[in-house]
Each structure stands twice: as C-alpha cells, then as structure tokens.
Number of protein chains: 2
Amino acid sequence: MKAKKRTTIYDIAEKLNITASSVSRALNNSSHVNEETKKLVLKTAAELNYKRNILASNLRKGESKTIGIVVPRINQNIFSNVIAGIEETTYSKDYNLIICQSNESHEKEVKSVNALINQHVDCIVISVAAEGSDYSHLQNVIDHGIKLIQFDRVADDLETLKVLNDNHQASLEGITHMIEQGYKRIALLEGPQNLDIFRQRKQGYLEALKLHNLPVINELIIENAWTKELGADATRKLLNLPEPPDAIFASTSDFSALGVLEVATSMGIKVPSDLGILGYSNEPFTELTSPSITTIDQFSHYMGKTIANLYFQESENKESPIVPRTISVKPKLIIRASTSRRSYQ
Amino acid sequence: MKAKKRTTIYDIAEKLNITASSVSRALNNSSHVNEETKKLVLKTAAELNYKRNILASNLRKGESKTIGIVVPRINQNIFSNVIAGIEETTYSKDYNLIICQSNESHEKEVKSVNALINQHVDCIVISVAAEGSDYSHLQNVIDHGIKLIQFDRVADDLETLKVLNDNHQASLEGITHMIEQGYKRIALLEGPQNLDIFRQRKQGYLEALKLHNLPVINELIIENAWTKELGADATRKLLNLPEPPDAIFASTSDFSALGVLEVATSMGIKVPSDLGILGYSNEPFTELTSPSITTIDQFSHYMGKTIANLYFQESENKESPIVPRTISVKPKLIIRASTSRRSYQ
DNA sequence: ATTTTTTGTGCAATCGATTGCATTTTTAAA
DNA sequence: TTTAAAAATGCAATCGATTGCACAAAAAAT
C-alpha cells in the first residue's frame, strides 16, 4: 500500500469552505476564531485523521520543541536515569527528545552535536565523552543560539548552564569512611584527568589523606583505570606490589570496582577484611555482588529533572540573556559490605 | 547573547553572486553544477558556518531521515542493546533516532506513537507495553504511510515487519536443561498473557514437560510475576506450599529471577541444590549474583542491527508494497550456577 | 441613525531548501 | 563557421503551517 497523501489544513479548509488561516487559528486555539468554526474545524480534523506537520510548523515558527541529549552510553545507570528524569518533565510539555550516544568517541560526539544543530533542536543537553578536549563544537551550539546544558562531565571553561555532582565532597566522604574503617594504604584508580569530575574526585581523595595525616603514595595511584578490564589490570599490578594497598578506590565507576573485586576474589584476597573497595555511581549491580560494593549515589534521576526545569525556566524569560550558572547536587555515600570491616562482616 | 540569524543558502548565494538553486545543488553534490562553483560554495558554507536546515529540507522532500523508537524502558538490557544496534547502522546513514519510553503504560505508548507520527518520522520501531491490547494506534502508523517494525513484544494480529526471538524454542531448551539436571517440580512465573512472547514461553515450558512425561501442576504456575517484587512474592508463596517446587523458571525476566534468588537465599534454601533458577534476558547482573543465574540471551544487539537493515532494505524498493514478514532470531541458553547441580557445584 | 469598537476572515508573505523547466553558456561535432 | 549536444545556471513553484495586515460584518456605544 502506497503512502497516501496526508491531510493538511488546506484539505480541511476546502471541505469547510474557509481559508487555511482560519483552520490554523482554530487548531491553535486562537482567540480570533468563532467558536462555531473552531468546533467544526476540530471535528473535521478528527474525521480526516489530520496530524499537524511539525516540520512545517517548526520551520515557520523557528522552534522545534525538541531537546537533544548526547551521552557517552545510554545504558549506564547515571545516564539512563538522567534521561528518564528529563523525559518525565519534558513529556508533559509535549517536547521530544532526540537521544544520541557518543560511545566515548569525540568524533561521534561532534557529529551528534552537529546533527542536533541541523535538527534545530531548542536545547542540547550533554555529558561529554572522555576522549577529546576540544570543545569548539559546543561553542558552536551556543553560537547557533541553541541553549546548552552540560551535566556531570562538563567542559569547565565553557560558560554554560551546568548541573553537577559535588564530586570532591563525595570522594572526601568516601575516603574518610574508609580511613575510619581502618584502611591505611588506599589506592586510587583515576579516570582521564582531562575531565573535571575525575580531577575533583582525585582532589577529594588527596584531601582526605591529608586531613588524616596519611602519606600520598604515588605508586598507589593508577592512571586511566576506568573500565572493568582496566580496573582488573590495575588491581593485579597493585596487589603484586611489595607493599600492596589495603583498599582501592575505583573513582571512575562501579564497573572498575567490579574488576577490582573479581581480581581480588580470584587471587584469594578477602574483601573487605584484606582489601576494601569503594566504587562510584551506584550501579544496580553493586548491591548484588558478594560482597556488595560500597559506592556513591549521584541522584541521577533528580539531576535529570533539575536539567529539564532549568531549561524551562530559562525559556520563559526569553528576553534576558542566559546567565551561566552551576547547580551542584550532593551525592550520597552508600555504605555496603566491601568497606565494612568494623561494623559489618 | 541573542540568537543570531543563521546562515541560509541565500546568504551563500548572495555572497557568491549566484542563485540559491545552484548553492543547493552544490551542497547536494548534484552533477548539474560546475566543479568550481561547487568548491566555492562548500568553502563559503564552511566559512559562514552554514548548517542545512533539516526542517526545510525534509518539508520539501517529504521525508525526515528519522526513525522513532518506542520501548517500555531504555534501561533494560534488551532494549538498550537493540537501540545501540539500530543506532550503529542508522548513524552511518545520517539518520536520527527519536527514542521514547512507554514505561509500560499504554496511554503513554499511544501518545508517543502519535508524537512520532506528528514528527513525520520515516519509520517507527516498537516493542509494545505490557498494558493494553488495543493496537489501533499502530494501525494508524501504517495508515499514515509510515513504516512499522515491531520487535520482541509484538501485536501479533497486526501484519507488519517483525523481528522476534524464538521464545518457544528457548523456553523449551531451558526447561529441558533443567530436567536433565534432575529437577522434577518446575514452577513457572508467567508474564502477562496478552503478550505473545509470554504465551510462547509458557508453551515451550509445557511442551518440555510433556516431552519428558512430567505432569503439569497448576499450582506451580503463577500469573503475572514479572518484576523483582512480584517474583519474590510468588516465590514465597511457592516455597511455602506443602509440596514446593524444586526449580523456578522466571520466564518473564531476570529481574523476576533475582527476586526468586533473594527470597530463596533469605529462607535458607540452597541454590542450585535445593532449588534451580532459570531467568530470561541475560541482564548483565545475572553473572554477578551468587550463585550466578542461568538465563537466555536474546542477541539483542544483533536484533537491533537486523531491524535497521530491514528498514533500509524496504526503503530501497520504494515501489513494491511492504510484504509483512517475520524474522526470528534464535536465542541462546546461558548455563550458569543457578541450575547446575550436576556439573557445577 | 451614525459612529466606534469588537470579532471573525481572508490575503499574501514567510520560514529554507529543493527541483522541473527554461535559458544561457560552453563544448563538441559536422 | 555553423549547428548540435552537453553542461551550468536561473526562475519560480512547492512543501504545510503561521501570522501581520487589511477588510468586512456584527455588536456596542453615542
């Protein structure tokens, strides 16, 4: 069956012997149409199964009621939750979401962002890929008059709306907790340091050590260990040191922490008694492992709602320019078995 | 900073003293433009930071190069993988994806589908919500000349392109495996029977029992136990029966299987020796639980690629009408600890 | 009864890109 | 050198909805 031609406002107009203008006004519930015609139009529209052509409408109005989202991966806890949070709010306002994944590739991120600019989205919400440090594509978004909201992983020197976690604080609390549990040689698995969030987590780690007069041991700090595999590799290296750590903070993700746990288990090292493990993100699986993994919850769903609200707030006062500002959400330490050698065990 | 006006083909045309037609042709790499002008246009376009207005382009061409996807939840393994699979293929062809979640609500599904029709997407890919059995909104998609591809959970009486798992076969194999492991009283946690996939899984279960001359015991078949909580409730009920089952097939999902495992563990029932557990979907967490959960992998990423290819295949021969057909992907039983009382343990 | 205001419609331009047809320019063939 | 063919460009309509302006009809005010 061939695609039939769709009903347009002209079809409705013709049938009712009025102009398309009136039909348009009726459909938009304008006050400049007679109640009678309005009813008639709506009825006929329903009869003819009319669907407004958003392309035409948006072209004319210069808006798209669409928000583009670019995240590294949609199936990571924080991102799918943020998306769900955004959706809840935007859905009720008849906005569409276009979701893109960068797969941590800078090139794909750039292409996605450009595609969204092409689409004339009203706003782009992004958490940048680990790869890359050139953010001219984001500047480009702003230059095109499209609102830009960054979250979690942000390009810090770009002045935009930002919704963040207080990574420093979370990290500080996590390490403090470990120290209180009696861990003394705490290793750090770092994420790519070009990303602010990972730098902050490192700062929190360093500060916690300092506050408790613990030395910073460079061989216990491992760069770029942010997947499960890299976390596992790093752990093998660490546990084979002459003086191995008694705890590992997988600051990059719970996936990395999972790698740590698996290696430790396979090496016969007891968690949490011989080795404490702290992850990051509160992925659902962290409460399923044995022992369950202590981690940090980012309130990602709430972040999503915050982002959406921020957008609508900004849209309302169209005249005033956007004041770049940062909203910081305080994450929460979720204490589980993998660090609880005093209380738990 | 106010949104500056964007560069259009007219701006380029004016600057080069040619017409917009030529600019358009140059940008579309038409053979009807001089190589020189083509180069010049491309250069100027880059200089002026030109971005084609897809709204205008699509309006004119009557296509949108956009595929809409509606799934119950994007953070469920099968769905996020299918989406990723679709994206890989469509991305290289410059297609956009609009992703909607129905959250298992029929009403939201209908609204999402209508929004996608409004958007003039070229194709809608859907896995229907558990709720609801009226599929006129899908008929509506077809009536609007939009391609419709259903996957996994489908409205069976609607004649469309379908990409499915062979649920019956998978279920049959899973139960056969359990029987071979010596389980004799195997309970079934059913999903909503208005969905074909759950009916098929039940059929597979029944057939396996029959093949091995095992009786069908009605009190071991529990309706609608398809979340973690419902799975847990069902398990409590089952294990408190005078003659409790020695195995449970959570045919609905691994989440349900997880509920089973947690209840069993808390009741001190040993898995797999006292109770076998089989899940469905191969969620990532199933290999992390202890014991790890035997489950069925649906090759969801591959399904996604299949869906995308199916679409492009159909788009190519525009003339011939769409022949409704079904592609069935054979799932794979992943044997883990939760059912391995012979070999493993 | 006349003027003013309100309300409802229509007209026509607009958003930006595309494309069939006509026209001009260039190139090749006779 | 003239003619035919090919290549490049321009013109103008089109996709469908929206909206400022003009105008007519109806209602309200004088």
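Every chain is numbered from 1 and lettered A, B, ... according to where its sequence line falls, protein lines coming before strand lines. Quick caveat, the model's predicted, so the values are computed rather than measured.
- Taking atom CD1 on A:I9 and atom P on C:dT9, their separation rounds to 15 Å, with Å as the unit.
- Distance, B:Q119 CD to D:dG16 C1': 15 Å, rounded to whole Å.
- Nearest-nucleotide mapping onto DNA chain D: of B:N17 and A:S57, the residue sitting toward the 5' end is B:N17.
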(message) Evaluate A:D11 against A:T8 for side chain to side chain contact (heavy atoms under 4.5 Å, CB included), listing each step before the verdict.
(response) CA-CA 5 Å; A:D11 300 326; A:T8 68; 3.6 Å; yes
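- To the nearest angstrom, C1' of D:dC15 lies 13 Å from CD of B:E63.
- When each of B:L59 and B:N34 is assigned the nucleotide of DNA chain D with its nearest heavy atom, B:N34 is the one assigned upstream, toward the 5' end.
- When each of D:dG16, C:dT9, D:dG10 is scored by its nearest atom to the side-chain atoms of B:R25, the top-ranked nucleotide is D:dG10.
- In this structure, CD1 of B:I18 is placed 12 Å from P of D:dC11, rounded to the nearest angstrom.
- Checking the phosphate oxygens (OP1, OP2) of C:dT14, no side-chain nitrogen or oxygen of B:Y10 falls inside 4.0 Å.
- If you measure from atom CG of B:N28 to atom P of C:dA17, you get 10 Å, rounded to the nearest angstrom.
- A straight line from NZ of A:K39 to C1' of C:dG8 spans 16 Å, rounded to a whole angstrom.
- Atom pair A:N29:CG and C:dG8:P shows a separation of 12 Å (rounding to whole Å applied).
- Checked against D:dG16, D:dG10, C:dC11, the side chain of B:T19 finds its nearest nucleotide in D:dG10.
- Under the 3.5 Å distance criterion, the side-chain polar atoms of B:N28 are left unmatched by any main-chain donor or acceptor of B:S30.
- Considering only side-chain N and O atoms, B:T37 lies under 4.0 angstrom from the phosphate OP1 or OP2 of D:dT9.
- For A:S21 against C:dC11, a side-chain-to-base donor-acceptor contact under 3.5 Å is present.
- Nucleic acid contact class of B:S22 (heavy atoms, under 4.0 Å, all strands): sugar-phosphate only.
- Taking 4.0 Å as the cut-off between side-chain N and carboxylate O, B:K108 and B:E131 do not count as a salt-bridged pair.
- A salt bridge between B:E314 and B:R325 is present, with a side-chain N of the basic residue lying under 4.0 Å from a carboxylate O of the acidic one.
- If you run side chain to side chain contact (heavy atoms under 4.5 Å, CB included) between A:V70 and each of A:V125, A:V110, A:L116, only A:L116 comes through.
- Atoms CD (A:E14) and P (D:dG16) sit 14 Å apart, rounded to a whole Å.
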